[in-house]
Amino acid sequence: MATAALAVVATACILAQAALLAHVLAGAFLGGRSVGDLSTSLAVLAAVVALRALVAGAMEAVGRVGALQVMGELRAQLGRHLLSGAPLASAGERSGELATMAVAGVDALEAWYARYLPQVLLSALVPPAILVFLVPQDLTAAALLGITVPVVIVFLVLVGLASRARVQARWRALRLLGAHFADVVQGLPTLQAHRRARAQEAVLDKVGEQLRAETMGTLRVAFLSAFVLELGATIGTALVAATVGIQLVHGSVGLEAGLVVLLLAPELYAPLRAVGQQHHAAEDATVAAERIFEVLDRPAAAQDGTLPAPDPAREAIELRGVAVTYPGREEPVLRDAALRLHPGETVALVGPSGGGKTTLAALILGLLAPDTGTVRCGATDLRAVDPAAWRSRIAWVPQRPALLRGTVGENVRLAAPGATDDEVRAALAAAGALDVVDELPDGLQTVIGEGGRVLSAGQAQRLALARAFLADRPLLVLDEPTAHLDAATAADVDRAIARLAAGRTTLLVVHRPELAALADRVVRVAGGTLAEQHAAEAVAA
C-alpha cells in the first residue's frame, strides 16, 4: 500500500516536472522572459525534482523493508513447518536442496519486493496518466504513443515466456548442486573409506557446469530482452519526436506543448523498460516462491488441534483400525492395526525391518497421522490435541539420536532447558553416562556435534537416555535404542532402559531378545499387521 501511494506521487511528479520544464524553456526562448521572471517556476520545478528523487528513494526503501518482513516471516514459517510442525514432511527431501531453498530461494524475494514490484506499479500508473495528459496537448502524438505501448507490453510477455523455462532450469540446477554438495560433505568419511571421494569431484563439476550453462542461458535471454525493449522504446520515442518536429514546422502545435510531448515520451517507456530489466529477478523470485509454497502447502503436522494433552500415566493409549501408506508405495505399511498401551505398561514391538514398528512409534509420537483409523489417549483423539502439549508428555529415544553442535550439557538439556548442572549430572548417572562425560576434556562443557568432539554410537545413545531421564515424562518411546551397539555396551544400555521404564508407559521398538525380555507384553509387527506374542517366544525367536 505504501509503495502504491508513493507510485501515485511519483506519477504526479513526472507530469509536473515535464509541464514545468516545458513552461520554463518556452518562456525563456519564445517569451524572452528572464531568469528573474521565471524564478517562481524554477523554484517549483526544483522542488518537484527534489520530491521525485525522494519518492524514488522512498519506494526502494519501502520495498526493501517489506522484503525483509516477508523474508523473515517466510523463513520463520518454513522453519516451523520443517522443524516442529511436520518432522516427517521433509522425509523425501534432500537436506541440501531444502537449505538452498530456505537461503537463496527466500533471498530472491528481496529483488521482487524492492525493485520489481515498484516498477510494476509505476508501469500501471505512468503510461495511462501520460497518455491522458497528452491528449489535450497533442492528440496525434498521444495516439502514436498509445499504439506503441501495447507493442512494448507484448515484448514483455514474450520475454517472460522465453525466460521462465530458463529460470526454472537454473533453479533446478542450483538445488541439485546444493543437495549434491551436502551429500558429499555428510558422506565424506564413507567416500574416503571406499576411495570414492575423488569421483565426487567429477559429479560436482558436472552439476556446477550445468548450473553455469543454465545461468548463462538465463542471462543471454535477459540481455536480448533488454535490447529488444530498448529498441522498441527508442523507435517509439523517435517516431514521436519526428511527428512533433513536423507539427512544430507547420505550426499545428505550440512549442510548450511540443516540449511536453518530447519530455514525456521517454518517461512513458521508462517504467516498462525497468520492468523488463527486473523481469529476470522477478522470475527468480516466482520460481523460488513456488518451490517454497510447495513445501509449506503439505500437511503441517499429524496433529493440528488445540485441546490440552491427556495424561498417558492415567489413560490408555489405543490405536484402532489404523492404516498408513507412504507416498510412492502401493502397499500400506500398516493395515487395520490395533494396539493398546495401558498406563505403566511396557510393550515391545518386534518383527522384521520395514514391518511397521517405527511407523507405530511415529503415530504415537504425533509425528505421523494415520490414513484411516484413530490414535487415542483415553477418549481423546490425538489429532485434536495441541502437538507441542502432547509431545511435552513424551520422552523419545530414537535409533540414531541427533547430537547438535553445543556442549554435552546443552545437548542433554534439550529435554529440560532450565535444568541445573546437578540435575544434568544425575540424569547422566542414571543413564550410565556420567563416567564417559567425566573423561571428556571439559566434562559437561565439552563441545560435541558437528565440528566438535566425535562420540561413539554407544556414548551418543547414553546421552539420549540421559535426556529421557532428565525429561521425566510419563510416556517413553524407544526406537531400536541398542541397534548399533556392541554386546557389552548394549547390556549397559539395557539396564539403563529398565531403570528408565520403571513406572512409565513404555513402547520399545526392538530387535534384540534381551531387550524384549524387559517388556510386559510383546507384539509382533509383520506385513502391516500386529499379533500378540509371549515374551518367552520373543526371547526364543
Side-chain angles (χ1 to χ4, degrees), residues 7-35 37-56 59 118-119 121-156 226-277:
V8 172
V9 177
T11 303
C13 288
I14 290 171
L15 298 176
Q17 177 180 311
L20 286 167
L21 186 56
H23 175 72
V24 168
L25 292 175
F29 287 102
L30 289 183
R33 301 170 66 184
S34 64
V35 174
D37 297 332
L38 296 170
S39 59
T40 302
S41 297
L42 288 170
V44 175
L45 176 61
V48 169
V49 171
L51 178 60
R52 184 180 176 185
L54 288 173
V55 169
M59 286 186 73
Q119 295 305 324
L121 291 171
L122 287 173
S123 296
L125 292 172
V126 172
I130 289 177
L131 291 175
V132 171
F133 186 78
L134 289 182
V135 167
Q137 308 287 333
D138 187 342
L139 181 59
T140 303
L144 187 59
L145 288 172
I147 293 172
T148 58
V149 166
V151 176
V152 175
I153 293 175
V154 169
F155 283 152
L156 277 174
F227 169 75
V228 171
L229 290 173
E230 292 287 345
L231 180 62
T234 302
I235 292 174
T237 304
L239 288 174
V240 170
T243 302
V244 171
I246 293 171
Q247 289 177 322
L248 286 172
V249 169
H250 289 285
S252 57
V253 67
L255 178 60
E256 184 171 341
L259 288 172
V260 169
V261 174
L262 293 176
L263 290 170
L264 286 179
E267 298 285 4
L268 181 141
Y269 296 112
L272 297 174
R273 290 156 54 197
V275 167
Q277 292 168 0

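Starting from 1, each residue takes its place in the sequence as its number. The figures that follow rest on heavy atoms only: side chains count, while hydrogens, waters and symmetry mates do not.
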Between [X] and [Y], what is the shortest heavy-atom contact and its length?
{"X": "Ala241", "Y": "Leu262", "value": "CA-CD2, 3.5 Å"}
{"X": "Leu272", "Y": "Ser123", "value": "N-OG, 3.7 Å"}
{"X": "Val126", "Y": "Glu267", "value": "CG1-O, 3.7 Å"}
{"X": "Ser41", "Y": "Leu20", "value": "O-CD2, 4.5 Å"}
{"X": "Leu125", "Y": "Ala7", "value": "CD1-CB, 3.6 Å"}
{"X": "Ala16", "Y": "Val48", "value": "CB-CG1, 4.1 Å"}

What distance separates [X] [atom1] from [Y] [atom2], expressed to the nearest 0.5 Å?
{"X": "Thr148", "Y": "Ile235", "atom1": "OG1", "atom2": "CD1", "result": "10.0 Å"}
{"X": "Leu15", "Y": "Leu134", "atom1": "CG", "atom2": "CG", "result": "8.5 Å"}
{"X": "Leu239", "Y": "Leu144", "atom1": "CG", "atom2": "CG", "result": "5.5 Å"}
{"X": "Leu264", "Y": "Gln137", "atom1": "CG", "atom2": "CD", "result": "8.5 Å"}
{"X": "Asp138", "Y": "Thr243", "atom1": "CG", "atom2": "OG1", "result": "8.0 Å"}
{"X": "Leu263", "Y": "Leu268", "atom1": "CG", "atom2": "CG", "result": "13.0 Å"}

Non-hydrogen side-chain atoms of [X] and [Y] separated by less than 4.5 Å:
{"X": "Leu259", "Y": "Leu21", "value": "no"}
{"X": "Gln247", "Y": "Val261", "value": "no"}
{"X": "Tyr269", "Y": "Thr234", "value": "no"}
{"X": "Leu248", "Y": "Val253", "value": "yes"}

For side-chain contact (heavy atoms from CB on, under 4.5 Å), just list the numbers for Leu51 and Val55, CA-CA rounded to whole Å, side-chain angles, deciding distance to a tenth of an Å, and then say yes or no.
-> CA-CA 6 Å; Leu51 178 60; Val55 169; 4.1 Å; yes
What residues form a side chain to side chain contact (heavy atoms under 4.5 Å, CB included) with Leu139, not counting sequence neighbours?
-> Val135
